[in-house]
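Quick note on labels: first sequence line is chain A, next is B, and so on, each numbered from 1. Please read all numbers here as calculations on a predicted model, not as lab measurements.
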Amino acid sequence: MDYNFREIEKRWQQYWIDHQIYKVTEDRSKSKFYVLDMFPYPSGAGLHVGHPLGYIASDIFSRYKRLQGFNVLHPMGYDAYGLPAEQYAIQTGQHPAITTENNIKRYREQLDKIGFSYDWSREVRTCDPSYYKWTQWAFIRMFHSYYCNQTQQARPIHELIEVLSKKGTAGLDLACNEPMTFTAEEWNTKSEKEQQEILMNYRIAYLGDTMVNWCPELGTVLANDEVSEGLSIRGGYPVEQKKMRQWCLRVSAYAQRLLDGLDKIDWTDSLKETQRNWIGRSEGAVMHFNTSQGMAFDIFTTRADTIFGVTFMVLAPESELVKGLTTDEQCGAVEEYIIKTKKKTERERIADKSVSGVFSGSYAIHPFTGEQLPIWISDYVLAGYGTGAIMAVPAHDSRDYAFARHFDLPIIPLIEGCDVSQESYDAKEGIMINSGFLNGMTVKEAIPAAINEVERCKVGYRKINFRLRDAIFSRQRYWGEPFPVYYKEGMPYTLDESELPLELPEVDKYLPTETGEPPLGRAANWQTKEGYSLELNTMPGFAGSSAYYLRYMDPHNDDVLVSEKADSYWRNVDLYIGGTEHATGHLVYSRFWNKFLFDLGVSCEEEPFKKLVNQGMIQGRSNFVYRIKGTNQFVSLNLKEQYDVTPIHVDVNIVHNDILNIEAFRNWNPEYKSAEFILEDGKYICGWAIEKMSKSMFNVVNPDDIVEKYGADTLRLYEMFLGPLEQSKPWDTNGIDGVHRFLRRIWNLFYKEGELGVTDNEPSKEELKSLHKLIKKVSFDIEHFSFNTSVSAFMICANELTALKCSNRTILTDLTICLAPFAPHIAEELWHVLGNEISVCDAKWPIWNEEYLKEDAFPYAISFNGKSRFVLEFSEDTTNEEIEKAVLAHPNSQKWIEGKSPKKIIIVPKKIVNVVI
RNA sequence: GCUCGGAUGGUGGAAUGGUAGACACGCAAGACUUAAAAUCUUGUGACCAUUACGGUUGUGCGGGUUCAAGUCCCGCUCCGAGUACCA
């Protein structure tokens, strides 16, 4: 019987469905293990061969854990809301729900072919009302919560209302937009609307006027992580800064906890570092400056020690302070400058490194020297960070230095021996000079000393600042979760939780209304609350993906997001596999969202993802043919130098091992119907290059084609064999024959000349050794995510057992179990061939026996002065004296000793003998 | 600019400080075939030698630690990823 993977894979996939092999329940008699993939956005292009890489790795791990006796939760779903479906809807009028549904169907077919062990009964889709009910529910809870900085947790807002009505703001430390102080009497005399406005300052989900990334092309605002270098991540359209009233989530309140939590989770250092940079904690001081105008303002600095080097102040053009600090005679110039900077898109502003600015006309007063410091306005200061104003120390900050040089402002060096004639001295090292009470201190001593003095003189206070901004949560789009919000006298109120889900209405077009309202403004007869109008924005993409891992625990529960029973059993994700591209988006929002739910008592773990592994990207490997210019003649790779040629991308699917299938090429494109070829050795050899996998490069490899040609097991093994999981690497179908041959070799251990040839005799010593070496290696490799080397270990073992002509039942049984996580179909088949009734998924992972791994003799590399020369074998109990004697007496040694007597002989047991001459 | 990775044959990649190049692709030779494919066997870093045994050299570059360095330390070069007027 031959290895007929098509028949085998179809049969066992059906068997797994029929027997509900992958369905899991909360079985408290077993330890749980939760393995999660980042769920995909179902795009119209379908899966290419790069997408399943992480899924295969997580599937191997889940299956391995299950074989070890764990109760494994391994679910899958779809991140179904997103821009591409909506853009497609705008162009074609096709409802995004239909596009999405079709794409999901396609994804599911593709995934099913690969043989994953997902419990599909737990599937979630973010666009499904029964799912987004809980996204809306979490939003309502955020709206009705505030964040207490003293206890570092979210609390229900009614508790705050009670405190405010009794004590006012006295003694409170709350996360807010603007610090406020008022008494209980003041609070109690305010109207409902005024009270609501005040509460908005404290809510975790709040409506705020903030500078947002506005993308005119997409007609929506975007979050910081959706923008890179002034362009939208989706589509690459320019993004500009605009002030808008938007829903925001107070992620910044959780900054310290998000930072601290990183120490408790098992993620890679680089990913943690990326999050630390994104959170951007910096310790420093807020300092208070009075001005010549009488008005005062605050700045933030991390270098309070450089206070004596301040020679001017700078405000961001968007800063509220600009108006009050501009003198009448400078008014025109300032206005002109602000208009000019506003016109620049974010991208232009970043690209434009030239220095610009304008003098406001007023002066700040130095808190220690009383000196007058001119106040400038420049776009190198950002409104969104700190207070939107800085003290400029040109000697020790490169940006201030460039500005000072450009406008010819004074530069005062503060560190002994530093040379500021060409550039600023930014390093925090050296001895302070020109700095009053700080003189003689090192910079490291001066920083805290300066802050202490600032606090003592009451000109400022110690402050920790975070770069992490609140998340902007509104999108002016159709295809997203509607907000469960209605407006009464211009103030937002949430729907009652019993009214959820608020379903997405139908619209006639997926474009903004004529009056510029979001697409939901087109919804006719949308349900309304007592005649009040509903919120027309929708939630962003990350809303639905922020708590999906909790919903998988209890996906059909209509009463709660997740029951206490399910949550307390599954707790959090033990292993999360996905790409690094979510480092500052999804992985921050999810942690925030989960911490909020933790504060609410909904989630019992503060961190959602205990261990996280990033799989690398799979790039494309493009193939080229070389057309001789002006002809329809193509020349093979190694002859192309003799001609003037144009390289042309050719579909990698009609190229095998870089050899072009000429017939397929002629049929590929009518243009090449009559193409002629200059061959080498009768073949046309193509050139190649590593590029992004994309349609336009004709280098997309579809997993379906690989499965059709080689089978799912070969695909799974080959994806792992390609290289280390975490590394980016190009897909190269060349080489897949190797793993396919390996599977056939395994098959041939069972079948000899078409007959099943498994025997029941005692396994030999060599067979046991080969098998147990494999068990040990594979167990170790899976735990360390070194799947590529475990595939190699399988190949070595198969080669050894083939050479030993092994057909032993006990050996083959354990081999089959080891293979099951990697190649489940063939393993299931062979497992049943061996006479087992249950699924191989429920077998028991074998444990290696060190007894079998014992060596009779160990090869010792015999080295002279550290250079290996030859190999001798010694048994474990050979004494050092005997080894020395044997080495020196060996005829090969004479050449290296050259008659001298060795100075020293180092013997490392089982490894090496080094003779130092 | 800053942060974090990485650099090993023709290719993908192995290697707890201890025989560098496992395993696989490719290539070459051979076996089986009328032939091809498939399969199997052998060889395969480079250079030198070849009757055999063998020798020299070799993990981006330059130093260092060590009996011993691809691996550890210091200084570079190049490549990749993330981030960026964050005060």
Side-chain angles (χ1 to χ4, degrees), chain A residues 228-230 268-278 280-282 284 299-303 306 314 316 349-350 352-353 355 378-382 384-393 396-400 402-403 426 465-469 580-581 583-584 614 616-617 621 657-658 688 718 721-724 726-739 741-742 744-745 748 786 788-799 802 859-872 892 895 902-917:
Chain A
S228 178
E229 300 190 351
T268 59
D269 289 336
S270 72
L271 187 55
K272 286 188 191 179
E273 197 58 28
T274 306
Q275 288 217 343
R276 285 193 190 102
N277 291 340
W278 190 258
R281 183 184 199 269
S282 51
I299 59 100
F300 175 75
T301 181
T302 56
R303 293 294 302 273
T306 60
V314 188
R349 205 160 142 168
I350 290 165
D352 185 9
K353 297 272 179 201
V355 177
S378 172
D379 63 2
Y380 85 88
V381 173
L382 303 177
Y385 185 77
T387 62
I390 61 153
M391 64 178 209
V393 185
H396 302 291
D397 182 287
S398 55
R399 294 153 302 174
D400 297 344
F403 194 84
D426 293 11
N465 218 354
F466 291 94
R467 196 184 85 104
L468 185 69
R469 304 261 66 88
T580 22
E581 67 271 20
T584 53
N614 292 120
M617 286 250 287
R621 186 180 187 277
N657 284 349
D658 291 339
W688 58 273
Y718 188 56
F721 186 66
L722 224 42
E726 279 144 300
Q727 197 174 297
S728 281
K729 57 225 167 229
W731 176 268
D732 181 359
T733 308
N734 300 343
I736 197 166
D737 294 321
V739 285
R741 261 197 283 271
F742 153 74
R744 278 221 292 274
R745 200 168 291 185
N748 290 336
S786 288
N788 57 329
T789 51
S790 26
V791 178
S792 295
F794 277 114
M795 290 177 173
I796 294 168
C797 182
N799 290 345
T802 304
Y860 280 67
I862 312 301
S863 307
F864 295 86
N865 287 339
K867 185 95 194 141
S868 303
R869 296 300 176 182
F870 58 97
V871 175
L872 285 181
N892 286 358
K895 195 192 296 177
K903 282 190 198 134
K904 197 159 40 156
I905 299 178
I906 289 137
I907 300 174
V908 180
K910 302 179 190 176
K911 275 189 179 151
I912 200 156
V913 179
N914 190 17
V915 183
V916 186
I917 310 293

Look at the side chain of A:Arg869 and decide which nucleotide, out of B:rU83, B:rU56, B:rC85, has an atom nearest to it. B:rU56
Could you check whether A:Asn914 gets within reach of a base, just the sugar-phosphate, or nothing at all, counting any heavy atom under 4.0 Å? base
Look at the side chain of A:Ile796 and decide which nucleotide, out of B:rG13, B:rA22, B:rA87, has an atom nearest to it. B:rA22
Would you indicate what A:Ser792 reaches in the nucleic acid, counting non-hydrogen atoms under 4.0 angstrom: base, sugar-phosphate, or nothing? base
Would you indicate which nucleotide in B:rA20, B:rC40, B:rC67 comes nearest to any side-chain atom of A:Arg741? B:rC40
For A:Val908, report the nucleic acid contact type (base, sugar-phosphate, nothing); a contact means any heavy atom under 4.0 Å. base
Among B:rC67, B:rU39, B:rU3, the one nearest any side-chain atom of A:Lys904 is B:rC67
Go ahead and name the base partner of B:rU19; Watson-Crick or wobble counts if both distances stay under 3.5 Å, otherwise write none. none
Students often mix this up, so state it plainly: with edges at 30° and 60°, are the rings of A:Phe742 and A:Phe794 parallel, tilted or perpendicular? tilted
May I ask you to say what A:Leu722 touches in the nucleic acid, namely base, sugar-phosphate or nothing, with a heavy-atom cut-off under 4.0 Å? sugar-phosphate
What contact category does A:Phe721 fall into here, base, sugar-phosphate, or nothing, at under 4.0 angstrom with non-hydrogen atoms? base
Only pairs with both distances under 3.5 Å count, Watson-Crick or wobble alike; so what is the partner of B:rU34 in this structure? none
With the side chain defined as heavy atoms from C-beta on, A:Ala861 is closest, among B:rG18, B:rC23, B:rU19, to B:rU19
Look at the rings of A:Trp731 and A:Tyr718 and say which category their plane angle falls in: under 30° parallel, 30 to 60° tilted, over 60° perpendicular. perpendicular
Where do A:Thr274 and A:Ala583 come nearest, in terms of heavy atoms and distance? CG2-CB, 4.0 Å
Base partner of B:rG70, which must satisfy Watson-Crick or wobble distances under 3.5 Å: none
What is the separation between atom CD1 on A:Ile907 and atom P on B:rG18, rounded to the nearest whole Å? 18 Å
For B:rC27 versus B:rA38, give the span between their P atoms, rounded off to a whole number of Å. 10 Å
Give the nucleotide from the list B:rC4, B:rA20, B:rA87 with an atom nearest to the side chain of A:Thr302. B:rA87
Considering every strand and a 4.0 Å limit on heavy-atom distances, what is the contact class for A:Arg745: base, sugar-phosphate, or nothing? sugar-phosphate
Go ahead and name the base partner of B:rU3; Watson-Crick or wobble counts if both distances stay under 3.5 Å, otherwise write none. B:rA81
When you compare B:rU8 with B:rC78, how far apart are their C1' atoms, in angstrom units rounded to a whole number? 16 Å
Point-to-point distance, once rounded to the nearest 0.5 Å, from CG of A:Leu722 to CD of A:Gln727: 10.0 Å
For A:Val739 and A:Met795, which heavy atoms make the closest approach, and how far apart are they? CG1-CE, 3.2 Å
With a 3.5 angstrom cut-off on both distances, give the Watson-Crick or G-U wobble partner of B:rA46, or none if there isn't one. B:rU56
From C-beta outward on A:Asn799, which listed nucleotide comes closest to its side chain: B:rA24, B:rU19, B:rA68? B:rA24
State which of B:rA87, B:rG13, B:rU83 makes the closest approach to the side chain of A:Asn788. B:rG13
Counting only side-chain nitrogens and oxygens, does A:Thr387 get under 4.0 Å of the OP1 or OP2 atom of B:rA87? no
Would you indicate which nucleotide in B:rA87, B:rA15, B:rG13 comes nearest to any side-chain atom of A:Thr789? B:rA15
Separation between the C1' atoms of B:rA7 and B:rU71, rounded to whole Å: 14 Å
So what does A:Pro730 touch, heavy atoms closer than 4.0 Å: a base, only the sugar-phosphate, or nothing? nothing
Could you please name the partner base of B:rC61, counting Watson-Crick and G-U wobble pairs only when both distances are under 3.5 Å? B:rG75
Side chain of A:Thr274 only, please: which of B:rG12, B:rA14, B:rG82 is the nearest? B:rG82
